[in-house]
Amino acid sequence: MPGLDPQAARLLRVMRRLRLRPVDELPVDRGRRLEAFGHAVLGEAARPVAQVTAHQAPGPDGAVPIRVYRPEHARPLMIVYCHGGGGVIGSVDSYDAITRRMAVETGCLVASVDYRLAPEHPHPAAIDDALAAWRWATAAAAELGVTALAIAGDSFGGYLAAHVVRHRAALRRPDLQLLIYPLLDLTHPHPSMRAHGEGRLLTRRMIEYFARQVGVADGDRVAASPGLDADLAGVPPTIVVTAGFDPLADDGRV
């Protein structure tokens with residue numbers, strides 16, 4: 001598959017060879033197992049870090065688990081990270097190798113947020129948990145030896161990170177925002193959705209499936225889209241990473 005990342009192409013070949021059905025055609029529990037399988041196929045060995053600790057952030061509907069990775073010779077910086085998966089699949093466990101690598105290569109502590117998933121916990125449960133995790137991180141920063149905090153996430157995790165920044169008037173402003181192929185516009189009007197919405201790992205049909213599971217009604221999509229905010233005053237320095245064959249590529253340009 002010319003142009004595709006070799007790992008993504010490899011996963012597509014494996015899925016087709018095994019005749020694996022896409023997530024949107026599976027029961028939710030099987031879709032979650034498929035996501036974990038994909039990480040196992042693509043993933044590297046988990047890198048050692050100096051310490052992994054479990055924490056809990058007080059949330060509106062109970063505690064939000066947070067796993068903190070501390071690398072050797074950690075700098076006084078922490079990344080609060082929200083994993084991807086459309087708000088339906090993905091987990092702190094399936095992202096373990098990714099967050100370990102992030103900690104090792106940046107020298108930062110990484111706080112991986114185990115936010116609630118839909119359909120068991122519909123919108124705005126994941127946003128509430130991301131906000132709770134950020135409040136916990138700002139309160140725990142001094143105890144953890146942290147002087148600067150970043151908020152980050154990929155795909156739906158980028159959506160959650162953007163919602164944390166959206167609440168900047170009520171919260172400590174992040175020192176940096178990192179959005180990796182984020183979902184920012186739930187109305188999906190962009191050319192990349194039409195150009196890349198079929199035939200690869202993430203499809204338009206899958207994105208719509210996630211939206212139905214998360215439970216954002218059509219009439220609420222504009223209000224729930226952080227990328228459509230007109231007022232960007234006070235937004236922290238931001239790094240946006242997009243992927244070439246991603247239906248969400250244009251979300252990173254809104």
Side-chain angles (χ1 to χ4, degrees), residues 32 35-36 39-40 43-85 87 89-117 121 125-168 170-180 182 236-239 241:
R32 290 170 182 164
E35 184 267 351
H39 278 281
E44 60 185 77
R47 298 193 184 187
V49 294
Q51 185 183 46
V52 179
T53 53
H55 304 266
Q56 291 189 329
D61 296 301
V64 180
I66 299 172
R67 186 183 298 174
V68 175
Y69 300 85
R70 181 183 291 273
E72 295 283 353
H73 311 298
R75 299 191 290 164
L77 311 172
M78 185 161 71
I79 301 168
V80 178
Y81 196 83
C82 300
H83 66 77
I89 60 177
S91 69
V92 167
D93 287 335
S94 68
Y95 269 68
D96 179 74
I98 293 171
T99 42
R100 284 173 177 270
R101 179 176 182 176
M102 183 178 295
V104 170
E105 295 195 357
T106 65
C108 300
L109 280 72
V110 175
S112 188
V113 182
D114 194 10
Y115 61 87
R116 290 171 292 168
L117 299 177
H121 306 283
I127 296 172
D128 290 342
D129 288 357
L131 292 170
W134 183 254
R135 291 188 185 97
W136 170 86
T138 60
E143 181 181 346
L144 294 171
V146 169
T147 58
L149 289 163
I151 186 71
D154 67 287
S155 195
F156 188 81
Y159 173 78
L160 297 179
H163 269 285
V164 169
V165 170
R166 201 179 206 188
H167 286 73
R168 57 193 175 275
L171 302 172
R172 168 178 164 174
R173 190 185 87 152
D175 297 290
L176 176 71
Q177 177 181 208
L178 170 60
L179 306 177
I180 304 170
T238 299
I239 299 171
V241 180

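Side chains are part of it too, since the values below use all heavy atoms of this structure and drop only hydrogens, waters and symmetry mates. Computed from a predicted model, the values in this text were never measured in an experiment. Residue numbers count from 1 along this sequence.
For the pair R70 (side chain) and L144 (backbone), a donor-acceptor distance under 3.5 Å is present. When atom types are taken as modelled, the side chain of D154 and the backbone of G84 share a donor-acceptor pair closer than 3.5 angstrom. For R100 (side chain) and R47 (main-chain N/O), a donor-acceptor pair under 3.5 Å exists by modelled atom type. Of the possible donor and acceptor atoms, none in the side chain of H163 sits under 3.5 Å from a partner among the backbone N and O of Y159. Checked by atom type and distance alone, the side chain of W134 pairs as donor or acceptor with a backbone atom of R172 at under 3.5 Å. With hydrogens and angles ignored, the 3.5 Å screen pairs no side-chain donor or acceptor of S94 with any backbone N or O of G90. The closest donor-acceptor contact from the side chain of R168 to the backbone of V165 lies under 3.5 Å. Side-chain N or O atoms of S112 include none that pairs as donor or acceptor with a backbone N or O of V92 at under 3.5 Å. The backbone N or O of L149 sits less than 3.5 Å from a side-chain atom of D175, completing a donor-acceptor pair.
For E143, the CD atom sits in a loose shell: 12 or fewer heavy atoms of surrounding residues, nucleotides or ligands are nearer than 6.0 Å.
Across all non-hydrogen atoms, the minimal contact from A111 to M78 is CB-SD, 4.0 Å. Here the closest non-hydrogen pair linking L117 and H83 is CD2-CE1, 4.2 Å. Summarising the geometry of G158 relative to P182, their closest heavy-atom pair is CA-CB, 4.1 Å, with the distance given to 0.1 Å. Nearest heavy atoms, P236 versus P174: CB-O, 3.1 Å. For the residue pair A126 and Y115, the shortest heavy atom distance occurs at CB-CD1, 3.7 Å. Here the closest heavy-atom approach between residue G59 and residue A132 is recorded as CA-CB, 3.9 Å.
If you take OH on Y81 and CZ on R67, they are separated by 14.5 Å, rounding to the nearest 0.5 Å. A distance of 11.5 Å separates OG of S155 from CG of L179, quoted to the nearest 0.5 Å.
Checking V80, I127, I151 one by one against L160, the side-chain contact (heavy atoms from CB on, under 4.5 Å) holds for a single residue, I127.
The shortest side-chain heavy-atom distance between V146 and L109 falls under the 4.5 Å cut-off. Within the 4.5 Å cutoff, the side chain of L178 has no heavy atoms near those of the I79 side chain. Looking at Y95 and E35, their side chains come closer than 4.5 Å, going by heavy atoms from C-beta outward. For the pair D96 and H39, the minimum side-chain heavy-atom distance is 4.5 Å or more.
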Let me see the working for W136 and I66 under side-chain contact (heavy atoms from CB on, under 4.5 Å), right down to the final yes or no. CA-CA 9 Å; W136 170 86; I66 299 172; 3.6 Å; yes
List the steps, then state whether side-chain contact (heavy atoms from CB on, under 4.5 Å) holds for R116 with D128. CA-CA 9 Å; R116 290 171 292 168; D128 290 342; 4.3 Å; yes
